[in-house]
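Just so it is clear: chains get the letters A, B, ... in the order the sequence lines come, proteins before strands, and each one is counted from 1. Just so it is clear, the model here is predicted, and its values are computed rather than measured.
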Protein chains: 2
Amino acid sequence: MSKKIVTIKDVARLAGTSLGTVSNVINGSKTVKSENRERVIKAMEELEYIPNLTAQSLKTNKSKLIGLVLPTITNPFYPALAKGVEDMANRMGYTIILCNTDLDCEKEARYVEMLISNRAAGVILVKSSLPEESIEKYSKKIKITLIDSKPNFQGNIDLVETSNYEGLFKAVEYLGSLGHTRVAYITGNLRSKSDVERLNGYLQAVKNGKFLYREDYIKNGNFTIDGGYKLGSELLQMPEPPTAICCSNDLTAIGVIQAAKALNLRVPQDVSVAGFDDIDICKLVMPALTSIHQPKYDQGEKAARVLIEKINDENASIARNYILNTELKIRESTGICPK
Amino acid sequence: MSKKIVTIKDVARLAGTSLGTVSNVINGSKTVKSENRERVIKAMEELEYIPNLTAQSLKTNKSKLIGLVLPTITNPFYPALAKGVEDMANRMGYTIILCNTDLDCEKEARYVEMLISNRAAGVILVKSSLPEESIEKYSKKIKITLIDSKPNFQGNIDLVETSNYEGLFKAVEYLGSLGHTRVAYITGNLRSKSDVERLNGYLQAVKNGKFLYREDYIKNGNFTIDGGYKLGSELLQMPEPPTAICCSNDLTAIGVIQAAKALNLRVPQDVSVAGFDDIDICKLVMPALTSIHQPKYDQGEKAARVLIEKINDENASIARNYILNTELKIRESTGICPK
DNA sequence: TTGAAAGCGCTAACAG
DNA sequence: CTGTTAGCGCTTTCAA
C-alpha cells in the first residue's frame, strides 16, 4: 500500500545538508543560510515530504491535538459549540478529536485516558459527568477546560459558562410583564451546574415578583421532547394550571407545545411557553419558540482559546471562570396572560 | 505541570523484569510467565501507567485514529452521520478526528495532510470537494473511504452512498398517485453525485409518467432555507405554477413552505412540498415535512466499518460501492392535487 | 520464556 | 551557520 515513507533524512540527502538543517528549516528556528533553506524547501517539495507529527510529538512531548468531549453531537445544542471549538482551534494551529460520551461516565474516563495516551495537549470537557476527583487527577496529566460543570465544583480548573441564572430570571420577569402570575418551570438535569442555576433564576424571580409560588409548578424533566410532552400534559391538566411554562431547554419546550396542542390549547393565547438555548429549530417550529439564547458557538470558541492559551503559557496556574451572556429572544410562543 | 511521565521502563524496574516483557504483557503477545505477568500488571496499576501511543505509533507506523472530514457539523444532516462513524469506530477500537471543511477545498487538503502527518490510519471524506487526482494521490498515503462522491468518480476507492435516484423517483411517483402532474424540483449542488442522481430520479419519473415536463420547473438551489424560500417564491408565482415541489433537501423544502405561507398558500391544500434527508426537524415543522429518509447514522457506521476493515486487511485492494436504501416518509406537507 | 539492543523520525543540545 | 549525536517511549528481532 503506502509507498516508501519520505523522512527528513531523505530530504537532507537530496538537499545535500544535514538532518539538523532540515529540521531547522521546518521549525523556522535558528538562522539557516538562505541558499540552504531554498534547497531544503525544494527537496521537500520534490519528495512530497510530509512531516511525521508522531515522531515530533514523541520527541517534544507536545502535540497539536485537543480533545472535545461532549454528551452527544446529535443533540442540536452541540454542533454549534463544536464548530466554535474547531474554528478557533484550527485558527490557532490545533486539531480536535471528537468524543461522544453518551453521558456514560466510564466511557468519558476511557476517552480522557485515550487522549492522554495520544499525548493530546488538552481537552475540553462539556457537561462532564466525571467525579470531581477524577477531573483533578486527570488535570495533572492533561490541561483541561470545562464547559458547564457540576454544581459547587471547586477544582482549580478553567471554566466557561453562560449566565444561566440571569437568563431564566429575565424570562420569568418578561412573562410577568405580560401579566402572568402562574408560571411553571420544568428542569433538565439538576446534576449540572447550569441547570441548577436556571432553576435558581426561576425561583428567585418568582419569589421576588408578584408570582404565585407553588412547588407543584416545578417539574423535573430530562431535556427531551418526550419529557416536555409528559410534564407539560401534567401541568396543563392541573386544577389550577399555570398560564406560562418555562423550560430548561428548547426540546422540552417543544414537547410542552405539542402537549398543549394535544389538549386543544392554543399557544400563546391559552398558554405561553419559553425554552432555553435558542437552537436553530426555535425559528422553524410553529409557533416560533421564545427562548433564552446561549452563545453556543462563542462558548466553544472561548473554551478553545482559553485552553490553548493555557497550553502555550507554561506557568499559568490559576484557573479562571468565564461567563458569557444569555439573551432573551422573544418570538411567538409567549403572549399576554389570558383572561 | 504534568508530573513525571511513567514509562514502560519504570514499570519494568518496579516489576523487576525487562522492557520487552512489559511490552509483551501490554500487547498480549508472546507467552509471558503468569507470575511475571501479574507483577507487571500490578506495577502498571501502582504507577498509573498510561501507554504512550505516540511512541507506539512511531515504532509501528500504525495508529488508532481516523479522520472524519465533512462540510460542516452545523448542517443538521451531519451530526447523525458523525455519531454513526464514532460509535462504530469506538466499537472497533478507533478514535475520530473531526474536520470541518466549510466546503473549502484547500482547507480540506490541509486537513488530509494533517491526518497523514499524524499517521491517522484512515480517513472518511464526506462530500469531498477535492479534485479526483488529489484523492487518488492521497490514497497512496492513507486509506480513504468516501461518502457521496462526485458525479462520475472513477477512482479505485471505497464508496458509501444511498439510493438517491430511487428516492426521488419514488417521491415523484407518490405525488403522481395523489393526482399531481405539475411537479417542480429544486436542486442543491450538482457537483455532488448524490444531487445529480436525485435530479436524474426526478427527470426519469417525470418523463416516464403522466407528468408535465417543463425546464422551468427545475431550479438550481443551494441546500439552504433561504435558497428554498427564494426559488419557492419564483415557482409559486409562475403563471402556471406547479402543484407540488420536490426539494433536494429538507432545508430547501422548509424554505419553500415559508415562501408558500408568505404568498398565502396553504400546504398541502394548495401546494405539496417534499424534502430529502429526513432530518429531525421534519417532524417538528408545521406542517410536518414529507421527506425521503436517508439512513444517516447507518451511513456513518457503514463507512467506518468499511474503512477499518480495509485498514486491518493488508491485502485488500479492490474498491467497493455500498448503497444504502432510502425510504419515503409521508407526513403532512403533501396531499391530494388541488382542483 | 526472557533480556539486550537496534531503531522508528524527529528535535535539540553541542561542538566545530 | 552547520553537522553530529543522543535520546523521546516503544516494539521487535535475536540470543541466551
Side-chain angles (χ1 to χ4, degrees), chain A residues 2-41 43-44 47-65 113-114 116-121 141, chain B residues 2-41 43-44 47-65 113-114 116-121 141:
Chain A
S2 54
K3 36 185 63 172
K4 214 190 133 325
I5 294 165
V6 178
T7 73
I8 213 177
K9 211 155 143 189
D10 303 309
V11 175
R13 194 179 311 125
L14 182 63
T17 70
S18 72
L19 300 190
T21 304
V22 177
S23 176
N24 286 334
V25 171
I26 291 171
N27 300 302
S29 63
K30 282 249 193 113
T31 36
V32 178
K33 215 205 300 176
S34 68
E35 186 193 320
N36 281 335
R37 158 168 285 116
E38 306 268 297
R39 293 173 58 192
V40 168
I41 290 174
M44 292 198 300
L47 295 172
E48 295 188 330
Y49 169 72
I50 297 187
N52 185 335
L53 296 185
T54 262
Q56 196 170 305
S57 165
L58 174 61
K59 179 67 193 174
T60 62
N61 207 32
K62 288 180 178 18
S63 85
K64 293 294 191 181
L65 295 172
E113 291 183 8
M114 177 279 294
I116 296 173
S117 253
N118 275 302
R119 294 298 181 267
K141 307 242 186 201
Chain B
S2 54
K3 37 186 60 172
K4 215 189 135 319
I5 294 166
V6 178
T7 74
I8 214 176
K9 211 157 145 190
D10 303 309
V11 175
R13 194 180 311 126
L14 182 62
T17 70
S18 74
L19 300 189
T21 304
V22 177
S23 175
N24 286 334
V25 171
I26 292 171
N27 300 304
S29 63
K30 280 245 193 117
T31 37
V32 178
K33 216 202 304 174
S34 67
E35 186 193 319
N36 280 335
R37 160 168 285 115
E38 305 270 297
R39 293 173 57 193
V40 167
I41 290 174
M44 292 199 300
L47 296 172
E48 295 188 330
Y49 170 71
I50 297 186
N52 185 334
L53 296 185
T54 262
Q56 196 171 304
S57 166
L58 173 60
K59 180 66 193 176
T60 61
N61 208 31
K62 287 179 179 20
S63 84
K64 294 292 192 182
L65 294 172
E113 292 184 8
M114 177 279 293
I116 297 172
S117 254
N118 276 302
R119 293 299 181 265
K141 308 242 185 201

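- Side-chain contact check for T7(A) versus N52(A): every heavy-atom pair is 4.5 Å or farther apart.
- S117(B) places a side-chain N or O within donor-acceptor distance of the main-chain N or O of P51(A), the cut-off being under 3.5 Å.
- Note: CG (N61(A)) to P (dG9(C)) measures 20 Å, nearest angstrom.
- End-to-end axis angle of the helix from dT1(C)-dA16(D) to dG16(C)-dC1(D), from C1' rotation axes over five pairs per end: 40° (rounded to 10 degrees).
- Atom P of nucleotide dT2(C) and atom CZ of R13(B) are separated by 20 Å, given to the nearest angstrom.
- Among the atoms of the strands shown, none is found under 4.0 Å from any heavy atom of S57(B).
- In terms of heavy-atom proximity, R39(A) sits nearest to G16(A) at NH2-CA, 4.1 Å.
- A donor-acceptor pair under 3.5 Å is absent between the side-chain atoms of S23(A) and the main chain of L19(A), judged by distance alone.
- Considering only residues two or more places apart in sequence or on other chains, E48(A) meets the side-chain hydrogen bond (donor to acceptor under 3.5 Å, both in side chains) condition with none of them.
- In this structure, N24(B) places its CG atom 12 Å from C1' of dC10(D), rounding to the nearest Å.
- Atom CG of L53(A) and atom C1' of dC10(C) are 10 Å apart (whole Å).
- When every heavy atom of L58(B) is checked against every heavy atom of L58(A), the shortest pair comes out as CD2-CD2, 3.2 Å.
- Side-chain atoms of V25(A) and I41(A), non-hydrogen and from C-beta on, do get closer than 4.5 Å to each other.
- Contact check, S23(B) against dT11(D): a side-chain N or O comes under 4.0 Å of OP1 or OP2.
- Between dT11(C), dG9(D), dT11(D), one nucleotide has an atom nearer to the side chain of N27(A) than all others, and that is dT11(C).
- In this structure, M44(B) places its CE atom 15 Å from C1' of dG9(D), rounding to the nearest Å.
- Residue K62(B) contributes atom NZ, which lies 13 Å from atom C1' of dT12(D) at whole-angstrom precision.
- Taking every side-chain heavy atom of I8(A) into account, dC10(C) is the closest of dT2(D), dG9(D), dC10(C).
- An OP1 or OP2 oxygen of dG3(C) is reached within less than 4.0 angstrom by a side-chain nitrogen or oxygen of T21(B).
- A donor-acceptor pair is defined here as one N or O able to donate and one able to accept, closer than 3.5 Å; such a pair exists between the side chain of S57(B) and the backbone of K62(B).
- We find that CG of D10(A) is positioned 9 Å from P of dC10(C), with the value rounded to whole Å.
- The one candidate from V22(B), I26(B), D10(B) that meets the side-chain contact (heavy atoms from CB on, under 4.5 Å) condition with Y49(B) is I26(B).
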Sort me out a list of protein N/O and nucleotides 4-7 of chain C N/O pairs below 3.5 Å, or just none if empty.
from: dG7(C); atom 1: N2; to: K59(B); atom 2: NZ; distance (Å): 2.9
from: dG7(C); atom 1: N3; to: K59(B); atom 2: NZ; distance (Å): 3.2

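- When the C1' atom of dG9(D) is taken as reference, atom CD of Q56(A) falls 16 Å away, rounded to whole Å.
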